Amino acid sequence: MAVVAAAAPEWATKEPCLMGIDEAGRGPVLGPMVYGCMYCACSYQDTLATLSFADSKTLKEEQREELFESLKTNNSIGWEVDVICPKVLSAKMLKRTKINLNEISHNSAMGLVKKAIDMGVLLTEVYVDTVGDPEKYRVKLAEKFPGIKFVVAKKADSLYPVVSGASIVAKVTRDRAVRNWAFDETAQNMHMNTGSGYPGDPNTIQWLKDHKHPVFGFPTLVRFSWGTCTPYFKNGVEVTWESDELDEDEASNGSAKRQVKLSSLGFTGFKRKSEEIESSGKARCRFFQARKLELVRKFQ
């Protein structure tokens with residue numbers, strides 16, 4: 001995760017402040033998920049309510065862009081973003097000890113609060129658009145940051161101007177990230193006619209069809225852990241990798257080393273026939289024995 005922030009304004013380190021937190025891009029199969037926050041002095045709250053901030057989903061792109069540029073030049077407002085790229089989302093959601101999207105979201109929001117505190121912002125109130133049960137989320141935040149009043153609510157971006165501002169920060173940042181996406185891949189004929197990026201969008205579905213590869217999968221713009229991607233690889237190429245790690249279940253009953261099969265965009269283990277593995281007394285796979293390779297855990 002990459003948190004982008006400027007130094008805290010001087011007023012934020014001297015006056016009690018309130019903060020709003022919201023996200024953009026939770027549901028799309030394409031692009032990053034972005035968490036944004038906006039903060040101001042509590043004494044500025046009444047003025048903030050007159051600045052025409054609204055839930056970013058109710059505004060046209062041009063309006064969001066104008067409001068974002070105006071808040072960037074407002075010396076009474078501070079803001080930050082946390083941009084979580086697609087491959088980080090997929091890696092967390094597919095690892096052996098999976099981290100679900102709600103936990104990723106909670107961690108991002110808490111990271112923004114911690115960043116502001118570390119910068120010296122005197123936070124006293126934080127308003128958050130909920131992910132999951134509002135009360136459980138509020139308790140989680142309050143236990144993490146005692147001394148700060150947390151208000152967690154559904155549709156907080158339409159209830160509290162400071163969350164509406166955070167919604168605009170997150171949405172504009174994500175839109176710009178997708179619009180200016182620089183592909184790591186070098187394949188030809190790649191384009192950005194992605195549609196909305198949501199799984200039900202016909203343009204997004206067509207983009208996925210245009211950019212799938214039987215071996216390498218999708219470009220890094222895609223969250224390949226999303227179930228939307230699975231049907232595209234029913235005829236994908238299976239790749240078998242030698243593994244030098246014991247499967248947890250196999251290790252408990254003394255089984256030998258295993259191999260790992262990469263298929264359907266995720267890692268799944270499978271047992272090979274004993275004559276194909278041929279492990280030694282130390283459970284060394286034949287592949288490693290033949291090449292006299294040893295597992296090194298510490299380097300001098």
Side-chain angles (χ1 to χ4, degrees), residues 1-5 21-38 55-65 67-69 79-95 98-109 111-112 129 131 157 165-213 216-233 265-266:
M1 300 182 182
V3 177
V4 181
I21 299 175
D22 197 12
E23 55 78 23
R26 178 180 170 85
V29 66
L30 302 179
M33 180 171 72
V34 177
Y35 258 78
C37 75
M38 188 175 78
D55 174 8
S56 64
K57 293 184 288 295
T58 67
L59 302 173
K60 295 181 179 180
E61 182 177 358
E62 295 78 10
Q63 293 174 303
R64 292 195 298 265
E65 289 280 348
L67 285 169
F68 184 51
E69 291 302 320
W79 61 277
E80 299 178 33
V81 292
D82 183 12
V83 181
I84 311 169
C85 71
K87 59 185 177 182
V88 169
L89 288 171
S90 294
K92 289 180 180 295
M93 295 176 72
L94 290 175
K95 64 188 298 186
K98 302 182 187 304
I99 303 176
N100 65 37
L101 195 60
N102 279 7
E103 187 174 355
I104 294 171
S105 298
H106 291 176
N107 290 341
S108 180
L112 289 173
D129 195 33
V131 173
D157 48 3
S167 173
I168 290 167
V169 169
K171 177 62 175 171
V172 173
T173 299
R174 175 181 149 80
D175 286 348
R176 291 181 178 181
V178 174
R179 187 165 59 243
N180 301 316
W181 190 266
F183 285 101
D184 294 336
E185 300 78 15
T186 58
Q188 296 180 348
N189 302 320
M190 299 183 76
H191 62 80
M192 285 299 293
N193 300 324
T194 60
S196 66
Y198 282 87
D201 187 327
N203 292 324
T204 300
I205 293 172
Q206 186 60 51
W207 190 93
L208 290 170
K209 291 178 179 178
D210 292 343
H211 292 81
K212 68 179 180 179
H213 190 282
F216 300 109
F218 288 112
T220 51
L221 179 65
V222 180
R223 304 177 190 179
F224 54 87
S225 57
W226 259 232
T228 311
C229 299
T230 304
Y232 293 97
F233 285 89
L265 303 177

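Predicted model, so just to flag it, every value in this text is computed and none were measured.
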Considering non-hydrogen atoms only, spot the tightest contact between Asp184 and Lys87 and give its length. OD2-NZ, 3.9 Å
Please check if the side chain of Trp226 supplies one atom and the backbone of Leu30 the other of a donor-acceptor pair under 3.5 Å. no
How about Val178 and Pro32: do any of their side-chain heavy atoms sit closer than 4.5 Å? yes
Would you sort out whether Asn193 and Gln206 count as a side-chain contact (heavy atoms from CB on, under 4.5 Å), showing the intermediate values? CA-CA 9 Å; Asn193 300 324; Gln206 186 60 51; over 6 Å; no
Between the CD1 atom in Ile99 and the CE atom in Met93, the distance rounded to the nearest 0.5 Å is 10.5 Å
Using side-chain contact (heavy atoms from CB on, under 4.5 Å) as the criterion, list what pairs up with Asn203, not counting sequence neighbours. Asp201
Ring pair (Phe, Tyr, Trp, His ring centres under 6.0 Å) involving Tyr198 - partner list, sequence neighbours excluded: none
Which pair of heavy atoms, one from Ser108 and one from Asp82, lies closest together, and at what distance? OG-OD2, 2.8 Å
For Ile205, check side-chain contact (heavy atoms from CB on, under 4.5 Å) against everything at least two apart and list the hits. Lys209, Tyr232
With sequence neighbours left out, write down each residue that passes side-chain hydrogen bond (donor to acceptor under 3.5 Å, both in side chains) with Asp22, or none if nothing qualifies. Ser167
What closest approach, in Å, do Gly27 and Pro199 show between heavy atoms, and which atom pair accounts for it? O-CD, 3.9 Å
Take atom CZ of Phe216 as the centre, draw a 6.0 Å sphere, and report whether it contains more than 12 heavy atoms from other residues, nucleotides or ligands. no
Taken in chain and number order and not counting sequence neighbours, the residues that satisfy side-chain contact (heavy atoms from CB on, under 4.5 Å) with Lys98 are none
Restricting to ring pair (Phe, Tyr, Trp, His ring centres under 6.0 Å), what partner residues turn up for His106, sequence neighbours left out? Tyr137
Residue pair Met192 / Trp181: nearest heavy atoms and the distance that separates them: CE-CB, 4.2 Å
Is the shortest heavy-atom distance from the side chain of Lys92 to the side chain of Ile84 under 4.5 Å? no
Going by the rule salt bridge (charged side-chain N to carboxylate O under 4.0 Å, His left out), which residues pair with Lys212 if we only count those two or more places apart in sequence or in a different chain? none
Taking all non-hydrogen atoms of both residues into account, name the closest pair between Gly36 and Val169 and its distance. CA-CG1, 4.3 Å
Take Ile168 and Met38 through the side-chain contact (heavy atoms from CB on, under 4.5 Å) test and state the conclusion after the steps. CA-CA 9 Å; Ile168 290 167; Met38 188 175 78; over 6 Å; no
Please examine the side chains of Met33 and Leu101, heavy atoms only from C-beta on, and report whether any two atoms are closer than 4.5 Å. yes
I need the Glu23 CD to Ile104 CD1 distance, nearest 0.5 Å. 12.0 Å
Return each pair, listed once, that meets salt bridge (Lys or Arg N to Asp or Glu O under 4.0 Å) where at least one residue sits in residues 167-183; pairs must be two or more places apart or across chains. Glu61-Arg179, Arg64-Asp175, Glu65-Arg176, Glu65-Arg179, Glu69-Arg176, Lys171-Asp175
Exercise: identify the closest heavy-atom pair between Leu112 and Val81: CD2-C, 4.0 Å
According to side-chain hydrogen bond (donor to acceptor under 3.5 Å, both in side chains), who are the partners of Thr173, at least two apart in sequence or on a separate chain? none
Partner set under side-chain contact (heavy atoms from CB on, under 4.5 Å) for Ser90, not counting sequence neighbours: Arg223, Phe224, Ser225
Can you list everything that forms a side-chain hydrogen bond (donor to acceptor under 3.5 Å, both in side chains) with Ser105? Sequence neighbours excluded, please. Arg26
I'd like to know if the side chain of Thr204 reaches the main chain of Thr194, judged simply by a donor and an acceptor atom lying under 3.5 Å from each other, with no hydrogens or angles considered. yes
Checking His191 side chain against Trp207 main chain: does a donor-acceptor pair fall under 3.5 Å? no
